[in-house]
Amino acid sequence: MVLELGRDLFFDYTLRTVALGSATLGVVSGALGAYAVLRKQSLLGDAISHATLPGVAMAFLLTQSKAPLILVIGAAIAGWIATLLVISIVNNTRIKEDSALGLVLSVFFSGGLVLLTVIQKMPTAKQSGLDTFLFGQAAALLERDVITMASIGGVTIIIMLLLWKEFKLLCFDTSFGASLGFPMAILDVLLITLLVIAIVLGLQTVGVVLMSAMVVAPAAAARQWTNRLGGMVALSVLFGAIAGVSGAVISSSAVQVPTGPTIVLSISAIVLLSITLAPNRGLVWNWIRSQRERRKLRIEVVLNDLYTLASQHEDPRHSHSTAVLEAMSAHRSNVRHSLRELASRGWVENVNSDEWALTSEGVIQARYVAGRGR
Amino acid sequence: MANHSDALAIEVEDLTVAYRDQPVLWDVDLNVPVGVLMAIVGPNGAGKTTLIKVILGLVRSAAGRVSIYGQSYSAQRRLVGYVPQRGSVDWDFPTSVLDVVMMGRYGALGWIRRPGSRERKLALEALEKVGMQDLAHRQISQLSGGQQQRVFLARALVQDAQIYFMDEPFQGVDATTERAIVELLQELRAAGKTLVVVHHDLQTVVDYFDWVTLLNVRRIASGPVKDVFTEKNLRLTYGGRIAFLSRSGDEPAETQIAPHVIEPEEVENGGTGIGERPIL
Amino acid sequence: MSSEVLEIQLIAIVVAVACALPGVFLVLRRMAMMSDAISHAILLGIALAFFVTADLTSPLLIIAAAATGVLTVSLVELLNRTRLIREDAAIGITFPALFSVGVILIARYAGDVHLDTDTVLLGELALAPFNRFEFFGYDFGPRSLWVMAAILCINVVFIAFCYKELKLVTFDANLAATLGFSPALIHYGLMALVSVTAVGAFDAVGSILVVALMIVPPITAYLLTNRLSRMIVLSGLIGVASAVGGYWFAHYQDASIAGSMGLMTGVFFALAFLFAPNRGIVAIARRRASQRWEFAQTMLTIHLFSHEGLPEAEREAHVNHLSSHLHWEPDFAQQVVRNAERRGFVRNRAGRLDLTHQGREMAQLALVK
């Protein structure tokens with residue numbers, strides 16, 4: 001099965017092309033998406049991808065060409081204008097960012113729809129081909145397209161790597177960066193431009209609606225596993241690529257399952273896995289940690305109760321019944337469990353059937369716990 | 001030996017700044033001699049942070065000029081170190097203490113070049129000076145407020161500057177850190193550096209600083225603490241006795257300070273800090 | 001106008017108003033992007049309900065879709081509450097995932113029926129009149145008109161009854177909670193409303209246009225007024241104007257009706273963005289220009305005032321000094337001085353400027369402010 005898959009990936013032209021294209025998309029959007037997520041621009045990706053539609057249509061109207069490069073350039077210009085518009089609306093009015101994003105997204109998309117219907121009705125051209133930008137059509141990717149994607153994406157990633165420390169400064173501490181003399185406004189525009197390019201590259205594969213997930217999800221998943229920017233970008237790239245390839249493979253092996261949504265579901269699964277399983281941050285990890293703390297607390301409570309009871313007698317090792325301890329505890333059912341745990345540590349001992357007493361080690365521990373609580 | 005009268009570290013002339021339509025600084029003149037440890041104090045909204053940001057070229061001025069050692073800021077950038085407000089960055093950013101400190105070398109590195117072992121060494125030394133060497137590889141979100149501030153100071157230290165601008169370095173730090181920062185500042189001044197510190201706590205001005213600028217949109221006064229930090233000037237800065245009381249009603253942040261400001265003995269005795277100040 | 005043309009416009013108007021009402025609160029509560037998330041995610045609800053009923057007109061679709069909308073909101077909140085993913089990222093992950101499930105279900109199991117993703121996203125208003133609402137053989141007009149009218153009524157009733165609570169929760173959620181209103185209840189009520197409206201509108205105008213109609217008119221109104229009640233009314237009016245204007249634009253350009261209406265909301269926004277009194281770009285620019293002169297006047301008097309009687313006054317108070325020290329263009333400096341002279345703030349003696357009594361007062365006044 002695996003061998004078969006490997007063979008298909010190598011020799012099946014369509015599958016190979018689609019897988020490579022989707023992987024490229026995952027790599028580029030994963031890398032740039034990391035910055036978008038860190039800069040709290042997650043939804044900007046959504047707005048940019050919707051806003052590219054009129055750019056694609058306009059490029060076609062002006063050139064009458066459906067060459068991917070031309071359409072991609074049109075899309076990038078529209079996405080870029082949309083971003084600048086969002087920034088200018090937020091800066092010049094009291095409109096908040098979320099509103100500005102939604103506004104630009106929906107109005108640009110509407111404009112794109114209008115242009116598409118106009119194109120559709122032109123006698124010279126069929127709309128087909130432009131449609132793929134809406135919902136993506138990975139299956140229609142050609143080797144040529146993948147090469148274009150990979151080379152543009154490669155340039156994008158090289159720029160990102162070259163300006164690594166400058167972009168880190170931009171994301172972490174803009175005013176400090178400016179005080180060092182780096183032109184932060186230019187870096188800001190540059191980074192956004194790279195994000196626009198990353199998004200536009202993915203449109204043909206997953207379409208405008210789903211592209212936002214490819215920007216946000218790999219980075220959000222990657223953040224759970226690492227505390228370093230380098231690690232985050234690398235993992236984000238890896239997750240993006242895995243989602244791309246697995247999406248392509250899964251959709252090719254099932255009937256009538258579109259590639260774009262499959263890729264998005266793959267990356268969503270990775271996000272889910274990451275937030276549950278990632279060490280230190282993940283939900284499971286947190287749950288185990290809180291359980292451990294809770295158990296420790298319960299044991300300490302029983303130890304302390306036993307010590308308090310005993311200190312009312314001459315002998316700090318005076319024994320008491322489980323029932324008394326249970327009466328003192330908020331969690332009756334756990335008292336026995338805690339006592340057994342304490343006994344196994346040698347801090348308490350079972351005097352007779354249901355009576356428990358502190359050992360000398362237990363007294364020391366109880367004093368320590370009591371002292372710390374003060 | 002730092003001599004106050006010799007040279008000017010910072011010279012600000014006729015500086016006016018307006019955000020949108022609202023003036024933030026009006027015609028501020030300011031001369032800061034080399035080798036002083038200066039506090040900028042003033043009520044909220046007095047333009048303290050703005051003054052620093054204008055000098056650093058982060059905010060555009062409507063009029064006036066700034067020079068650092070007699071030249072424009074862009075020409076003297078390498079002589080300047082900056083500690084922004086701690087709250088101005090996202091401490092959940094995925095990066096380590098060491099990495100943040102190394103950012104102080106980015107300016108000297110210039111475009112594209114990455115920090116290497118030299119930068120690492122400098123950063124570790126700076127961390128040692130602020131007592132954070134053990135936390136070098138800690139993720140920054142796991143730091144306390146005081147530790148975050150120390151990281152920022154270490155970052156400024158590796159800039160190896162002549163003039164330091166610090167925006168409220170004592171904001172929200174514990175007493176130990178405050179003590180450590182003060183010692184560090186005084187050590188830097190002893191080494192001939194000039195330090196400009198936006199400061200909130202009027203009670204400690206006399207103890208910590210030897211130079212002070214009182215600012216409230218205008219420069220009210222600037223000079224040695226013992227000459228300038230007077231009741232009269234404080235009243236001018238914080239708005240006179242009656243206006244002062246009503247102001248403290250408007251701005252709750254000032255209410256705790258308010259009674260201390262007017263206590264004449266505290267001001268007139270000049271505190272003990274000045275007498276103890278080592279004259280180098 | 002044929003009855004069909006009239007009916008399309010009528011539907012468009014009802015949709016526009018129905019969308020604008022909850023939209024106002026989305027915009028004010030900074031949840032505008034939630035409309036985008038909900039309007040996409042409901043595809044899953046529609047698909048699931050369709051598999052159960054095999055009927056695109058079933059009311060179950062609306063209920064299922066509304067449930068999906070609320071589910072989306074809760075998922076986003078759930079993710080956000082883990083504190084592992086910030087809210088904006090949580091939105092950006094959740095709705096594409098739900099939408100993808102919907103798309104896959106439809107592509108795999110319903111590829112041959114009339115339910116395709118294009119319609120959900122883009123809508124086709126021109127087809128709406130062909131789907132009639134018939135009862136005992138009588139024709140009561142287009143089905144979607146009735147559906148949307150019902151949804152509009154629900155929206156109106158909800159907002160009218162909960163107006164005070166909505167207002168309070170929107171502007172001060174904490175106060176609302178202490179007064180005993182449940183912000184969560186109002187919040188989810190609003191989200192359900194948004195979902196129901198989105199699902200009702202999707203086959204008429206498509207989900208992206210739902211976003212446009214929901215948030216763009218309220219955003220435009222937000223630039224024009226400060227009062228909530230006026231904002232609601234204005235949003236409705238702008239929505240109606242966009243709907244009608246969009247329809248006729250599409251009519252003459254032979255373009256997508258939904259797209260044209262969305263575009264028209266953008267046109268109205270652009271007009272407000274540029275020309276709104278007080279908050280428009282033009283008004284701001286004009287105010288800045290006049291303030292620049294006023295500011296320069298004040299700056300001059302303050303500059304003279306600051307140096308008055310000091311040793312450096314001779315130098316500082318000279319006309320030639322202004323351009324170099326205040327960084328003014330010489331021409332601009334000359335003009336400011338002439339203006340100040342005319343208004344009696346300064347006296348100019350061979351380039352040396354002195355404040356008049358009036359000028360001194362002006363400087364002092366400006367400094368006190």
Side-chain angles (χ1 to χ4, degrees), chain A residues 37 40-43 45-46 50 89 92-103 105-118 121 134-135 209-217 219-220 223-224 254-258 260-262 264-265 267-268 271 274-275 278 281-283, chain C residues 26-27 30-36 40 79 82 84-86 88-93 95-97 99-104 107-108 111 117-118 121-122 206 208-209 211-216 218-219 222-223 249-250 253-256 258-266 269 273 279 281 284:
Chain A
V37 167
K40 308 182 183 80
Q41 292 176 333
S42 296
L43 292 174
D46 194 27
H50 280 85
I89 289 174
N92 287 305
T93 66
R94 58 173 177 166
I95 294 168
K96 307 299 175 306
E97 198 187 359
D98 66 305
S99 293
L101 287 172
L103 180 140
L105 173 158
S106 58
V107 171
F108 268 59
F109 191 83
S110 302
L113 272 189
V114 169
L115 288 177
L116 278 190
T117 45
V118 168
K121 276 153 191 156
L134 262 183
F135 303 106
V209 180
L210 297 178
M211 198 49 214
S212 81
M214 291 313 291
V215 172
V216 182
R223 181 68 185 90
Q224 314 307 325
V255 193
Q256 288 217 315
V257 173
T262 316
V264 169
L265 284 186
I267 194 64
S268 305
V271 171
S274 301
I275 60 171
R281 281 173 69 111
L283 296 176
Chain C
L26 283 181
V27 167
R30 303 187 184 187
M31 301 179 65
M33 287 304 277
M34 215 45 126
S35 65
D36 184 44
H40 284 98
L79 276 179
T82 61
L84 298 176
I85 294 179
R86 255 194 293 263
D88 58 335
I91 296 176
I93 294 169
F95 85 82
F99 185 79
S100 294
V101 177
V103 171
I104 290 175
R108 194 155 162 76
T117 39
D118 286 41
L121 266 192
L122 312 178
I208 301 287
L209 186 64
V211 179
L213 284 178
M214 238 176 223
I215 65 170
V216 183
I219 292 172
Y222 188 52
L223 286 178
F249 178 85
Q253 293 294 317
D254 197 10
S256 147
S260 304
M261 282 165 55
L263 197 58
M264 213 44 89
T265 62
F269 170 76
F273 182 55
R279 295 204 187 85
I281 295 290
I284 291 172

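Each chain gets a letter, A, B and so on, in the order the sequences are listed, and its residues count up from 1. Everything numeric here is computed off the predicted structure, so don't read it as measured data.
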Item to check | Main-chain N/O of A:A220 paired with C:R86 side-chain donor or acceptor, under 3.5 Å | outcome: no

Item to check | Side-chain donor or acceptor of A:T117 paired with backbone N/O of C:S256 under 3.5 Å | outcome: yes

Relative to chain C, which segment of [X] carries a heavy atom at a distance below 4.5 Å: side chain, backbone, both, or neither?
X      : value
A:S106 : both
A:I267 : neither
A:K96  : side chain
A:E97  : neither
A:V114 : both

Which heavy atom in [X] sits nearest to a heavy atom in [Y], and how many Å separate them?
X      : Y      : result
A:V257 : C:R108 : CG2-CD, 3.7 Å
C:V103 : A:P258 : CG1-CG, 3.9 Å
A:G111 : C:L263 : CA-CD1, 3.5 Å
A:S212 : C:G92  : OG-O, 3.6 Å
A:L210 : C:P96  : CD2-O, 3.6 Å
A:S99  : C:I215 : O-CD1, 4.2 Å

So which of [options] has the largest heavy-atom pair count under 4.5 angstrom toward chain A?
options                      : answer
C:I91, C:V101, C:I93, C:V27  : C:I93
C:I284, C:L223, C:L26, C:L79 : C:L223
C:L213, C:V211, C:L84        : C:L84

Checklist entry - Relative to chain A, which segment of C:Y222 carries a heavy atom at a distance below 4.5 Å: side chain, backbone, both, or neither? => result both

Checklist entry - Heavy-atom distance under 4.5 Å to chain A: side chain of C:D36, backbone, both or neither? => result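 Contact with chain A: side chain only.
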
Checklist entry - If you tally heavy-atom pairs under 4.5 Å against chain C, which of A:V271, A:V264, A:V37 wins? => result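 Maximum pair count with chain C is reached by A:V264.
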
Next on the checklist: If you count heavy-atom pairs within less than 4.5 Å of chain C, which of A:L105, A:L265, A:V215, A:L115 leads?
Outcome noted: A:L265

Item to check | Working for side-chain contact (heavy atoms from CB on, under 4.5 Å), residues A:V118 and C:D254 | outcome: CA-CA 7 Å; A:V118 168; C:D254 197 10; over 6 Å; no

To the nearest 0.5 angstrom, please state how far the [atom1] atom of [X] sits from the [atom2] atom of [Y].
X      : Y      : atom1 : atom2 : answer
A:L103 : C:I219 : CG    : CD1   : 4.5 Å
C:F269 : A:T93  : CZ    : OG1   : 6.0 Å
A:I275 : C:I85  : CD1   : CD1   : 5.0 Å
A:D98  : C:M31  : CG    : CE    : 9.0 Å

Next on the checklist: Could you work out, with side chain to side chain donor-acceptor pair (under 3.5 Å) as the rule, every residue matching A:R281, not counting sequence neighbours?
Outcome noted: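 A:R281 satisfies side chain to side chain donor-acceptor pair (under 3.5 Å) with A:Q224 only.
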
Checklist entry - Excluding sequence neighbours, so at least two apart, what forms side chain to side chain donor-acceptor pair (under 3.5 Å) with A:S274? => result A:W225

Item to check | Criterion side-chain contact (heavy atoms from CB on, under 4.5 Å) on A:D46 and C:F95, from CA distance to verdict | outcome: CA-CA 11 Å; A:D46 194 27; C:F95 85 82; 3.4 Å; yes

